[in-house]
Amino acid sequence: MPLYESQVLRIYNSLTGKKEIFKPINEGHVGMYVCGPTVYSNVHLGNCRTFMSFDMIFRYLRHLGYKVRYVRNITDAGHLVDDAEDGEDKIAKKARIEKLEPMEVVQRYTLDFHNILEKFNFLPPSIEPTATGHIIEQIEIIKDILAKGYAYEVNGSVYFDVATFNKDHEYGKLSGRKLEDMVANTRELAAQDEKRNPQDFALWKKAEPQHIMRWPSPWGDGFPGWHLECTAMSTKYLGETFDIHGGGMDLKFPHHECEIAQAEASYGQPPVKYWMHANMLTLNGKKMAKSTGNNILPGEIFTGENDILSKAFAPSVVRFFMMQAHYTSILDLSNDALLASEKGFNRLMDAYNALKNLNTGTTSDFNVNEWKQKCYDAMNDDFNTPILIAHLFDAVKHINLIKEGKEQITEVDKTLLLEALNSFVFDILGLEQNAGTSQDTEKLSQVVQLLIDMRKEARDNKDFATSDKIRDQLAEMGIQLKDGKDGTTFSIQ
RNA sequence: GGCAUCGUGGCCGAGUGGCUAGGCACAGCUCUGCAAAAGCUUGUACAGCGGUUCGAAUCCGCUCGAUGCCUCCA
């Protein structure tokens with residue numbers, strides 16, 4: 001029996017503003033689409049947080065026994081930059097500045113994106129489609145929307161007619177906006193605009209002669225509007241209605257609102273059952289922005305080459321830090337917060353490693369089954385990873401008490417606990433131990449064990465000068481010795 | 001200016017009507033040759049002002065502040 005039959009998962013649905021019991025459209029199968037990055041620069045740390053939230057969600061759904069098709073696109077057709085003078089897009093602009101082909105820019109930053117995600121221990125999505133690979137599908141949708149009267153063509157461009165759509169549909173239902181309010185708040189001076197109304201958005205945009213990324217279409221050479229690719233690719237791989245659509249909060253409006261409009265105009269039904277939005281990441285209490293210098297790249301955190309943090313932090317520590325907050329909350333990254341997370345993370349890993357070598361007894365002072373269900377309850381409540389981690393530290397406490405001989409655990413419970421920790425810590429949260437290559441690690445531990453034995457001899461002979469030298473110099477190298485009831489263990493920082 | 005999310009103890013961060021979240025830091029204690037590690041104990045916080053209620057961090061209103069989106073543009 002799959003786990004999802006005994007665990008009741010609730011998801012906060014941005015569309016309804018409520019936590020709802022998750023029930024997939026096709027039993028046992030889940031279709032999930034997440035808006036991916038535009039690959040015109042190094043991946044933004046805030047973007048990583050969003051994708052990490054959905055990576056965790058993907059992992060938990062799989063753990064529950066669902067067969068998940070997870071689609072996360074790559075936006076490689078640059079969209080117009082806001083300060084463009086003549087319709088230049090982000091990728092084309094970058095290409096011009098760096099004297100590259102647009103697709104060289106795309107390739108470079110796609111590789112960077114994958115490289116960073118791999119360091120963070122992301123699971124690859126089931127399908128990672130590109131916008132430029134689905135131009136034909138996008139053109140077909142435009143034809144369909146035009147035929148149904150929800151779009152119009154002007155000078156080789158096609159625009160979505162929001163006012164007409166709003167007559168028999170509800171534009172703005174996801175973001176809580178009303179078309180009347182938006183019209184009322186729009187200034188009058190929308191001159192020289194081809195659009196009938198300012199709220200209308202482009203489905204197809206005519207390419208000016210200097211525009212590099214261009215494709216032929218029934219309306220002339222051009223390129224697709226930026227909301228359309230997600231509608232085309234989600235429909236192609238997940239169907240006209242699918243289970244989960246995710247993305248960052250910043251995409252709620254207008255991007256996701258427009259996706260709903262396109263899909264409803266074309267297919268006549270809402271495309272998504274559960275909308276999920278991950279919240280933003282701030283840096284030292286302020287939004288991250290390259291312009292103000294309040295910005296840090298993931299790679300700069302891993303190497304420590306930055307002016308914001310006091311040291312380098314491992315990807316798993318950053319991941320643990322992010323998992324300590326709920327995905328719907330704004331999270332603030334700072335040096336103090338990362339230092340605190342690093343210590344907590346190490347304590348969790350130390351306890352996990354200690355568990356394997358624990359002596360077992362005839363009874364258990366720790367109700368592992370009850371604890372395990374509490375962990376599931378936390379995850380079932382809209383993927384509440386902070387609560388899960390609080391429970392994990394409850395287990396840490398018991399492991400340490402058992403280690404000290406103050407509590408005991410049976411062999412059966414020990415195995416159960418180890419399996420559960422494996423599931424929650426590694427499979428679901430996606431954390432990793434910071435180990436080197438296994439061969440080197442093995443040799444290092446033999447060397448340290450030798451030093452531990454020598455220190456013990458010195459201590460037995462009351463030669464504390466020697467024993468302290470071993471202990472203190474190892475500490476300087478980041479190897480900490482820990483004296484316990486059954487001898488000395490060590491951990492590498 | 002509009003829409004949305006939010007404002008919790010030294011720091012980070014859960015919690016939506018009454019019962020200890022958790023992590024980190026700090027202090028005391030146990031252990032130790034001294035430490036570290038580990039364990040135990042202690043912290044009565046919820047932006048401000050009103051209101052609803054027997055009772056609110058949790059519901060309602062206002063004010064202030066933060067973040068995102070919109071107000072020119074896809």
Side-chain angles (χ1 to χ4, degrees), chain A residues 14 17 19 46 78-84 87 89-90 157 159-160 172 174-178 181-182 184-187 189-191 193 195 198-205 223-228 248-258 277 279-282 285-288 320-321 324-326 328-348 350-351 354 378 381 384-394 396-401 403-407 459 462-464 467-468 471-472 475 480-485 488-491:
Chain A
S14 302
K19 275 183 200 167
H79 303 299
L80 301 190
V81 296
D82 42 12
D83 55 354
D89 72 40
K90 289 173 179 171
S157 293
Y159 294 97
F160 190 93
L174 177 67
S175 55
R177 287 159 206 247
K178 288 192 165 30
D181 296 344
M182 290 165 61
N185 284 321
T186 304
R187 285 188 211 160
L189 50 89
D193 198 320
K195 296 193 293 187
Q199 290 73 37
D200 293 350
F201 55 90
L203 295 173
W204 188 262
K205 198 83 174 141
F223 53 94
W226 81 303
H227 309 303
L228 197 56
M249 278 285 290
D250 52 337
L251 297 180
K252 204 170 179 183
F253 187 89
H255 184 58
H256 291 157
E257 202 70 73
C258 294
H277 289 95
N279 218 134
M280 313 314 282
L281 181 74
T282 57
K286 295 200 176 91
K287 71 166 171 179
M288 284 196 239
F320 180 74
F321 162 74
Q324 276 184 300
H326 189 75
T328 56
S329 295
I330 294 174
L331 173 64
D332 186 47
L333 184 132
S334 65
N335 195 53
D336 286 350
L338 280 177
L339 284 170
S341 286
E342 184 176 54
K343 291 201 175 178
F345 174 76
N346 287 334
R347 206 158 81 88
L348 177 62
D350 287 348
D381 186 14
N384 199 323
T385 52
I387 295 284
L388 168 65
I389 290 171
H391 294 320
L392 294 180
F393 278 103
D394 198 33
V396 167
K397 186 172 159 177
H398 285 290
I399 289 168
N400 285 326
L401 281 168
K403 194 171 128 196
E404 293 212 344
K406 290 175 181 165
E407 282 192 2
R459 292 180 71 198
K462 302 243 189 280
D463 178 9
F464 297 124
S467 69
D468 287 357
R471 178 228 281 160
D472 296 339
Q480 186 186 34
L481 300 187
K482 299 171 181 178
D483 296 329
K485 277 264 185 292
T488 303
T489 57
F490 72 98
S491 68

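Below, chain A is the first sequence line, B the second, and so on; all start at residue 1. Here the structure is a predicted model, which means the values were calculated and not measured. FYI, side chains are in, hydrogens and waters are out, and symmetry mates aren't considered; it's all heavy atoms of this structure.
Look at CG on L331(A): it is 13 Å from C1' on rG23(B), rounded to the nearest Å. Per the geometry, CD1 belonging to I387(A) stands 10 Å off P belonging to rA21(B), to the nearest Å. In this structure, L392(A) atom CG and rA14(B) atom C1' are separated by 14 Å, rounded to whole Å. Separating the CG atom of D200(A) from the P atom of rA74(B) is a distance of 9 Å, rounded to the nearest angstrom. We find that CG of D336(A) is positioned 12 Å from P of rC26(B), with the value rounded to whole Å. Nucleotide rA4(B) holds its C1' atom 18 Å from the NE2 atom of H255(A), rounded to whole Å. For the pair F393(A) CZ and rC12(B) C1', the computed distance is 13 Å after rounding to whole Å. Here rG2(B) presents its C1' atom at 13 Å from CD of Q199(A), a figure rounded to the nearest Å.
Here CG of D381(A) is found 7.5 Å from NE2 of H326(A). Values are rounded to the nearest 0.5 Å. Taking NE2 of H277(A) as the reference point, atom NE2 of H256(A) lies at 4.5 Å (rounded to 0.5 Å). Here T489(A) contributes atom OG1 and D350(A) contributes atom CG; the two are 7.5 Å apart, rounded to the nearest 0.5 Å. Distance CG/N279(A) to CG/L331(A): 9.5 Å, rounded to 0.5 Å. The OH atom of Y159(A) lies 13.0 Å from the CH2 atom of W204(A); values are rounded to the nearest 0.5 Å.
rG51(B) and rG18(B) have their P atoms separated by 22 Å, given to the nearest Å. If you take atom C1' in rA66(B) and the same atom in rC34(B), they sit 48 Å apart, rounded to whole Å. Atom C1' of rC12(B) sits at a distance of 25 Å from the matching atom of rG28(B), rounded to the whole Å. Of the C1' atoms belonging to rU63(B) and rG7(B), the separation is 14 Å, rounded to the nearest Å. With P as the reference atom, rG22(B) and rC60(B) are 28 Å apart, rounded to whole Å. Using atom C1' as the reference point in both rA56(B) and rG61(B), the two lie 15 Å apart (nearest Å). Comparing rU53(B) with rU42(B), their C1' atoms sit 34 Å apart, to the nearest whole Å. rC59(B) and rG15(B) have their C1' atoms separated by 16 Å, given to the nearest Å.
Taking only side-chain atoms of Q324(A), from C-beta outward, the nucleotide of rG22(B), rC24(B), rA74(B) with the closest atom is rG22(B).
In terms of heavy-atom proximity, A337(A) sits nearest to F321(A) at CB-CE1, 3.6 Å. Taking all atoms of both residues into account, the shortest heavy-atom contact from G344(A) to F320(A) is C-CE2, 4.1 Å.
Heavy atoms of H391(A) sit nowhere under 4.0 angstrom from any nucleic acid atom. Residue S467(A) is classed as a base contact, given a heavy-atom separation below 4.0 Å to a base.
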Shorter than 3.5 Å, N or O on both sides, protein versus nucleotides 35-41 of chain B: list them out with atom names.
residue	atom	partner	partner atom	Å
rA35(B)	N6	D483(A)	OD2	2.4
rA35(B)	N1	D483(A)	OD2	3.2
rA35(B)	N3	R471(A)	NE	3.3
rA35(B)	N3	R471(A)	NH2	3.3
rA36(B)	O2'	Q480(A)	NE2	2.7
rA36(B)	N1	D483(A)	N	3.3
rA36(B)	N1	D483(A)	O	3.2
rA38(B)	O3'	N400(A)	ND2	3.0
rA38(B)	O2'	E404(A)	OE2	3.0
rA38(B)	N3	E404(A)	OE2	3.3
rG39(B)	OP1	R347(A)	NH1	3.4
rG39(B)	OP1	N400(A)	ND2	3.1
rG39(B)	OP2	R347(A)	NH1	3.4
rC40(B)	OP1	K397(A)	NZ	2.8

With the criterion being N/O to N/O and under 3.5 Å, what pairs connect the protein with nucleotides 65-70 of chain B, and how long is each?
residue	atom	partner	partner atom	Å
rC69(B)	O2'	F253(A)	O	2.7
rC69(B)	O2	R177(A)	NH2	3.0

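Using a 4.5 Å heavy-atom cutoff, the side chains of F464(A) and K462(A) are in contact. Looking only at side-chain heavy atoms (C-beta outward), N346(A) and Q480(A) stay at 4.5 Å or farther from each other.
Surrounding NZ of K286(A) are at most 12 heavy atoms belonging to other residues, nucleotides or ligands under 6.0 Å away. Applying the 6.0 Å contact sphere to NZ of K287(A) captures no more than 12 heavy atoms from other residues, nucleotides or ligands.
Stem list for RNA chain B (at least 3 consecutive Watson-Crick or G-U pairs, distances under 3.5 Å): B:1-7 with B:64-70, B:10-12 with B:22-24, B:27-30 with B:38-41, B:47-51 with B:59-63.
Proximity of S329(A) to the phosphate of rA14(B): a side-chain N or O atom is located under 4.0 Å from OP1 or OP2.
Of the residues near RNA chain B, D381(A) and A390(A), the one whose nearest nucleotide (by heavy atom distance) lies more toward the 5' end is D381(A). In terms of position along RNA chain B, the nucleotide closest to I389(A) lies nearer the 5' end than the nucleotide closest to the other residue of the pair I389(A) and L203(A).
A donor-acceptor contact under 3.5 Å is not formed by the side chain of N384(A) with the base of rG22(B).
Using a distance-only test at 3.5 Å, with no hydrogens or angles considered, a donor-acceptor pair links the side chain of N384(A) to the main chain of I387(A).
A salt bridge between R471(A) and D483(A) is absent, with no side-chain N of the basic residue lying under 4.0 Å from a carboxylate O of the acidic one.
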